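Quick caveat, the model's predicted, so the values are computed rather than measured. Numbers restart at 1 for each chain; the letters A, B, ... are given by sequence-line order, proteins then strands.
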Amino acid sequence: MAERTVTNQAEPVAAVATVEGGKRQRSHELNALIGLVGIALIFEILGWIFQGQSFLFNTQRLSIIILQVAVVGIIAIGVTQVIITGGIDLSSGSIVGLTAMVAMSFAQVGTYPRAVYPNLTDLPVVIPVLIGLSVGLAAGFINGALIAYTRIPPFIATLGMMVTARGAAKWYTRGQPVSFPTDSFAAIGQGMTPVIIFLAIAALFHVALKYTVYGKHTYAIGSNESAARVSGISVERHLILVYSIAGVLAALAGIVIASRGLTAQAGMGVMYELQAIAMAVIGGVSLSGGRGSIVGTVIGAAIFGVIISGFTFLRLSAYYQEMIMGAIIVAAVVADVYRQRYRTSAR
Amino acid sequence: MASDGIVLKTEGLTKYYGGVHALEDADFTLQEGEHVAIVGDNGAGKSTFVRQITGVEQPTAGKIFFDGKEVTFGSPIDARDVGIEAVFQNLALADDLDVPSNIFLGREETYFNLGPFSFLNEKKMYKRSMEALERTGVKIPNLRNNIANMSGGQRQCVAISRAASFASKLIIMDEPTAALGVQETTQVENIIRGLKKQGIPLILVSHNLRQVFNLVDKIWVFRRGKIAGMLEADKTDGNEVVSLITGVKTGVHENASYI
Ligand SMILES: Nc1ncnc2c1ncn2[C@@H]1O[C@H](COP(=O)(O)OP(=O)(O)OP(=O)(O)O)[C@@H](O)[C@H]1O
Ligand SMILES: [Mg+2]
């Protein structure tokens, strides 16, 4: 504030109309947090009215919410970074299905007679995990390379991967589910481990986005790609890195789900890409790129979880739940569009 | 340092965009400490020329010599590494980042090198941005504000401060005052005079002939992708420049110190 008063008459000050610059807008994270509390309170009140019991003060329900959120949340952390670059990733749900299948096929016990690879059973847990993550890495790398070098829209590139990866998941065992993992593989998804994984991943990428060159360039590309380019950022390499990270995180989610369910099916993860995008957008990540944060996405994930379990708690039919979920995704995007419009007109 | 005192020279520099001959056979020279202007009508190829000598694009044909050596700039980083900084016509700033992030975009200060995951030294970037803005006489109330919340003049000043604070050998500005008010234009012109005092060579693309005559030593005129001529600012007048820009009055070439 002190700088503003130091006005030297001899040299005209370039910055004149900036007084309103000091009035800081409330951050999206805070807005989302207020939204989270508000929605939780609404379900609490509805709970007492219609069910005669508390929605929030029920440890079992809370832990179910957190678990539900955690797995898709891992994907949302990757999708957030993609969206900040101004892109989108529609392939993450299919990558979940494919990596679940592939990882599980290398994690089977020797006592199961119809293992996918009868000679490769009882392997140490790192092997299926690394193979699974590599599959996700490869898919993400292909997404990124396609987008960076052919300049096709991210929407199209990842839509192609969405269909291809789902097809590969079905082809892998000709549609058969893969089951009977080793105890050590099964441990990955048990109890609250998925939540710990989610929070660790969130913390890691919160730091990467906020405090490292990686983060700065991610925001810069989403904000103004040509500015990033003439400033010497290798936009192509960076996009490949971001999409690869998103692929790896989707793969991690696939491994966790397969482990938790003790089985892998080609249809796992259907619609997860949209849920992950919804979590990010609800948390204030802008689909036009350049804005958003991991903290926002984590809050967005919590809001998403509260809404889903709130509907279940109120015994709303699953059909209505899906329809309302669709409406929420659209509403979040509409809110984002209005935020953008307000921003550009306020300039 | 090149012994002949030439900082930048191009020979037959040419750029085609498909069938569009945006720049043809441009022979250009810039002496040490010299401030020159490039003028010409819309579409004359001025920005195209700037993009070739800053590594943003690669020329179709021709040679670029910098500091006496032939150079090929594969990317803007190459041009920057030899000390060339540019302010591009469409502002090259990232709206969602604050002032220090923009000034240091693509060359961030870090604590230790972990590749792309190197930790940012925000404090150092903030401090050095303050210094850069002070040196150029730019006053911005809150450097932590996003560029999006700033006026056109402030944004332009940030872009110019960035170029001015990193340029060691040459600074290029493509229509830096095109969208600015009177006060902001004066501010930018003062920055340019400061660069002249420091002896940093400048190429200024401008449509404003008053500004050109006030600021530079030589005026290079572009017309339809070609260099129509070069005039010394103190040996010519507006009429001569205009006729060279439009190509209407023939015979100007003989009067001009044409290269
Ligand atoms: N990327 C491109 N692709 C195709 N044509 C281009 C491209 N960039 C420029 N041109 C064409 O090249 C010619 C020169 O353009 P340039 O931008 O260099 O003009 P300019 O002298 O900078 O004009 P202005 O004063 O309007 O900025 C124009 O005819 C323009 O349409
Ligand atoms: Mg131009």
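- Listed here is the closest heavy atom pair of B:L93 and A:N224: O-ND2, 2.8 Å.
- Within a 6.0 Å sphere centred on CZ of B:F213, other residues, nucleotides and ligands contribute more than 12 heavy atoms.
- Remark: the backbone N or O of A:V213 is not paired with any side-chain donor or acceptor of B:S118 at under 3.5 angstrom.
- Neither the backbone nor the side chain of A:I221 comes within contact range of chain B; no heavy atom of the residue lies under 4.5 Å from a heavy atom of that chain.
- Here the closest heavy-atom approach between residue A:R291 and residue B:D96 is recorded as NE-OD1, 2.8 Å.
- Put simply, of B:N121, B:L180, B:V182, B:L97, the one with the most heavy-atom pairs under 4.5 Å next to chain A is B:L97.
- For A:K210, the NZ atom sits in a loose shell: 12 or fewer heavy atoms of surrounding residues, nucleotides or ligands are nearer than 6.0 Å.
- Rounded to the nearest 0.5 Å, atoms CD1 (B:I77) and CZ (A:R229) are 11.5 Å apart.
- When each of A:G289, A:S286, A:S234, A:A220 is checked for heavy-atom pairs under 4.5 Å with chain B, A:A220 comes out on top.
- With rounding to the nearest 0.5 Å, the separation of CG in B:L105 from OG in A:S223 is 9.0 Å.
- The local environment of OH in B:Y111 is crowded, with over 12 non-hydrogen atoms from other residues, nucleotides or ligands closer than 6.0 Å.
- Across every non-hydrogen atom of B:A94 and A:A227, the tightest pair is N-CB, 4.3 Å.
- The two residues A:T212 and B:F117 have their closest heavy-atom pair at CG2-O, 3.5 Å.
- Taking both residues in full, the closest heavy atoms of B:S101 and A:K216 are given as OG-NZ, 2.8 Å, listed atom of the first, atom of the second, then distance.
- Between A:S231 and B:R162, the closest heavy-atom pair is OG-NH1, 3.5 Å.
- B:R193 CZ: more than 12 foreign heavy atoms inside a 6.0 Å radius.
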